[in-house]
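Report on one structure; see the data block that follows.
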Amino acid sequence: MDGKKYDLEDRLIKFAVDMVKVSRKADWTDYASRYYQQQIIRSSGSVALNFGEFLGASSQKDKLNKLNIAHKEIKECRNNLLIQIGAELNDKTELEKLSKESLELIKI
């Protein structure tokens with residue numbers, strides 16, 4: 001290991017930021033593109049925000065609920081990315097990179 005601190009919260013925030021940056025490159029005049037961009041910005045942000053809530057939750061029940069929401073949202077992001085790749089709604093290389101990252105985050 002290289003001695004760097006591994007922080008899942010930072011990684012989830014970076015994923016959400018990267019989604020916003022990629023979404024800015026999409027064709028926002030196209031209905032399908034706009035629809036999927038708006039949805040993925042919400043769901044990727046929700047992953048990071050709910051994970052932050054999980055870290056600060058006071059009860060086990062609340063922690064589990066927040067973690068479940070974050071997990072569902074990252075799976076939604078992955079499906080959205082696969083749809084965008086298939087429909088060629090944005091830069092394929094960048095979408096594939098984010099799709100790979102979303103799969104890694106799901107597995108964590």
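None of the values given here were measured: they were computed from a predicted structure.
- Remark: the backbone N or O of Val22 is paired with a side-chain donor or acceptor of Asn90 at under 3.5 angstrom.
- Rounding to the nearest 0.5 Å gives a distance of 12.0 Å between CG of Asp18 and OG of Ser102.
- A pairwise comparison of heavy atoms in Leu82 and Ser99 identifies CD2-OG, 3.8 Å as the closest pair.
- In the hydrophobic clustering of this structure, Leu81 does not group with Leu89; members are Ile, Leu, Val, Met, Phe, Trp, Tyr whose side-chain heavy atoms approach within less than 4.5 Å, directly or through other members.
- Salt bridge Lys100/Glu104: present, at least one basic N to carboxylate O contact under 4.0 Å.
- Ring planes of Phe51 and Phe54: tilted class, angle from 30 to 60°.
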Item to check | Worked verdict on Asp7 versus Arg11 for salt bridge (Lys or Arg N to Asp or Glu O under 4.0 Å) | outcome: CA-CA 6 Å; Asp7 190 339; Arg11 192 169 169 182; over 6 Å; no

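- Rounding to the nearest 0.5 Å places NZ of Lys61 at 10.0 Å from CG of Leu64.
- In this structure, the side chains of Arg42 and Glu73 stay at 4.5 Å or more apart for every pair of heavy atoms.
- Note on Ile108 and Ile13: separate hydrophobic clusters, where clusters join Ile, Leu, Val, Met, Phe, Trp and Tyr whose side-chain heavy atoms are under 4.5 Å apart, directly or indirectly.
- Look at Asp30 and Arg34 and you find no salt bridge, because none of the NZ, NE, NH1 or NH2 atoms lies under 4.0 Å from a carboxylate O.
- Leu8 and Leu98 fall within a single hydrophobic cluster, where Ile, Leu, Val, Met, Phe, Trp and Tyr are joined by side-chain heavy atoms under 4.5 Å apart, directly or via other members.
- Taking both residues in full, the closest heavy atoms of Ser44 and Met19 are given as OG-CB, 3.5 Å, listed atom of the first, atom of the second, then distance.
- Ser33 contributes a side-chain N or O that, together with a main-chain N or O of Asp27, makes up a donor-acceptor pair within less than 3.5 Å.
- A donor-acceptor contact shorter than 3.5 Å links the side chain of Asn50 to the backbone of Ser46.
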Checklist entry - How far apart are the C-alpha atoms of Lys66 and Leu55, what are their side-chain angles, what is the distance that settles it, and do they pass the side chain to side chain contact (heavy atoms under 4.5 Å, CB included) test? => result CA-CA 9 Å; Lys66 297 298 182 188; Leu55 294 174; over 6 Å; no

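- Under the 4.5 Å side-chain heavy-atom criterion for grouping Ile, Leu, Val, Met, Phe, Trp and Tyr, Leu67 is connected to Leu105 within one hydrophobic cluster.
- Within a 6.0 Å radius of CZ in Arg24, no more than 12 heavy atoms belonging to other residues, nucleotides or ligands are found.
- Hydrophobic clustering of Ile, Leu, Val, Met, Phe, Trp and Tyr side chains at less than 4.5 Å, counting indirect connections, unites Ile40 with Phe15.
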Item to check | Residues Gln37, Trp28; criterion side chain to side chain contact (heavy atoms under 4.5 Å, CB included); working and verdict | outcome: CA-CA 8 Å; Gln37 302 316 313; Trp28 283 77; 3.4 Å; yes

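- Between Lys21 and Glu94 no salt bridge is recorded (no basic side-chain N to carboxylate O distance below 4.0 Å).
- Proximity of Glu96 to Ile85: side-chain heavy atoms (C-beta onward) are separated by under 4.5 Å at one or more points.
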Next on the checklist: One pair to check against side chain to side chain contact (heavy atoms under 4.5 Å, CB included): Ile106 and Lys75. What are the steps and the verdict?
Outcome noted: CA-CA 7 Å; Ile106 288 168; Lys75 290 194 318 188; 3.8 Å; yes

Next on the checklist: Evaluate Asn80 against Gln84 for side chain to side chain contact (heavy atoms under 4.5 Å, CB included), listing each step before the verdict.
Outcome noted: CA-CA 6 Å; Asn80 186 317; Gln84 288 191 53; 2.7 Å; yes

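- One finds no salt bridge joining Glu53 and Lys63 here, because no Lys/Arg side-chain nitrogen approaches an Asp/Glu carboxylate oxygen to under 4.0 Å.
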